[in-house]
Amino acid sequence: MLKITPVTDKELQKEYCENVGIPYDADEMCYAAYDDGIFRGISLFRIIEKSCVIYSIRLLDGIDDFLAVYLLAKAPMSFCEQIGIKTAIFKDENKELAKKLEFAEKDGVYIVDLEGYFTTPCQKHGCDK
């Protein structure tokens, strides 16, 4: 079963960064994906000036799991929305994922409004009518 959890141990975060081949930055927060308890990948983000900035979403080499990648992106967005952050910025290279998550490009920056993103998704798409 796929599980996404926050990583609060910075040494473990550093190890996970090394495992997926991305630089470790102690200032970034982290979520990890596990499948039946086995590490699969991470997402790294920061809160900067009232925005959730998603920097990296990576799985271990050889793993192709869209659901894991999707949930690794959604986890920091949900956390930030719950603490009152209203905007998310997507800086990872996977722009197709950004679009699937409803980020819109504005001047080369992918942004989404988190207000109502999780509580009233149908309003955004007009399917509540």
Side-chain angles (χ1 to χ4, degrees):
M1 180 164 120
L2 186 63
K3 195 175 206 180
I4 310 295
T5 62
V7 177
T8 57
D9 180 325
K10 290 298 181 180
E11 285 302 313
L12 184 59
Q13 179 178 333
K14 183 177 182 180
E15 177 185 325
Y16 287 167
C17 286
E18 290 171 5
N19 289 345
V20 298
I22 55 176
Y24 168 73
D25 183 336
D27 292 330
E28 293 175 338
M29 291 180 270
C30 179
Y31 277 91
Y34 303 90
D35 194 359
D36 291 327
I38 299 169
F39 173 73
R40 295 292 186 231
I42 60 172
S43 60
L44 300 172
F45 70 103
R46 286 186 194 178
I47 297 171
I48 299 176
E49 297 179 11
K50 299 183 182 179
S51 291
C52 171
V53 182
I54 300 170
Y55 289 102
S56 300
I57 301 165
R58 296 287 183 284
L59 299 179
L60 291 170
D61 281 344
I63 296 176
D64 183 19
D65 185 344
F66 176 76
L67 181 59
V69 170
Y70 186 80
L71 293 176
L72 280 167
K74 283 230 166 175
M77 294 166 65
S78 176
F79 167 73
C80 288
E81 188 268 339
Q82 288 176 35
I83 63 169
I85 303 295
K86 302 296 182 203
T87 304
I89 299 169
F90 193 89
K91 293 202 171 196
D92 185 76
E93 62 194 27
N94 188 345
K95 300 311 179 202
E96 286 304 311
L97 176 61
K99 291 173 188 173
K100 288 179 181 174
L101 291 164
E102 301 178 27
F103 283 81
E105 183 190 0
K106 293 180 184 174
D107 299 322
V109 178
Y110 285 80
I111 298 175
V112 71
D113 181 0
L114 294 176
E115 193 160 359
Y117 184 89
F118 292 97
T119 56
T120 55
C122 282
Q123 280 184 338
K124 292 185 149 211
H125 303 306
C127 59
D128 61 336
K129 297 176 182 173

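Atoms considered below: every heavy atom in the structure, side chains included; atoms not considered: hydrogens, waters and symmetry mates. Just so it is clear, the model here is predicted, and its values are computed rather than measured.
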Contacts of Ser56 meeting side-chain contact (heavy atoms from CB on, under 4.5 Å) (sequence neighbours excluded), chain-then-number -> Ile22, Leu44, Arg58, Asp92

Q.
Determine whether a donor-acceptor pair (N or O, by modelled atom type, separation under 3.5 Å) exists between the side chain of Asp35 and the backbone of Ile38.
A. no

Rounded to the nearest 0.5 Å, the SG atom of Cys80 sits from the OH atom of Tyr117 at a distance of 13.0 Å

- Just by distance, do the side chain of Glu28 and the backbone of Ser43 share a donor-acceptor pair under 3.5 Å? no

| said: Just checking Lys86: does its NZ atom have more than 12 heavy atoms from other residues, nucleotides or ligands closer to it than 6.0 angstrom? | reply: yes

- Backbone N or O of Ala26 within a donor-acceptor pair of the Lys10 side chain at under 3.5 Å? yes

With sequence neighbours left out, the residues meeting side-chain contact (heavy atoms from CB on, under 4.5 Å) with Glu15 are Leu12, Asn19

Query raised in the report: Charged N to carboxylate O below 4.0 Å: is that the case for Glu96 and Lys99?
Result: yes

**Asked** Between Ile42 and Gln13, is any pair of side-chain heavy atoms under 4.5 Å apart?
**Response** no

message = Do Lys100 and Phe66 form a cation-pi contact, if we require the NZ or CZ to be under 6.0 Å from the six-membered ring centre and within 45 degrees of the ring's axis?
response = yes

Paired with Ile89, the side-chain contact (heavy atoms from CB on, under 4.5 Å) test is passed by just one of Val112, Ile54, Ile111, namely Ile111

Interatomic distance, CG@Asn94 vs OH@Tyr70, rounded to 0.5 Å, equals 12.5 Å

message = Tell me whether Tyr34 shares a hydrophobic cluster with Leu2, the cluster being built from Ile, Leu, Val, Met, Phe, Trp, Tyr side chains joined at under 4.5 Å.
response = yes

Could you state whether Ile83 and Ile48 fall into the same hydrophobic cluster, counting links through intermediate Ile, Leu, Val, Met, Phe, Trp or Tyr residues with side-chain heavy atoms under 4.5 angstrom apart?
no

Here the gap from Met29 atom CE to Arg46 atom CZ, rounded to the nearest 0.5 Å, amounts to 9.0 Å

Taking the side chain as C-beta and beyond, is there a heavy-atom pair between Glu102 and Tyr110 under 4.5 Å? no

Checklist entry - How about Phe39 and Tyr16: are their ring centres within less than 6.0 Å of each other? => result yes

So CD1 of Ile57 and CD of Glu93: to nearest 0.5 Å the spacing works out to 10.0 Å

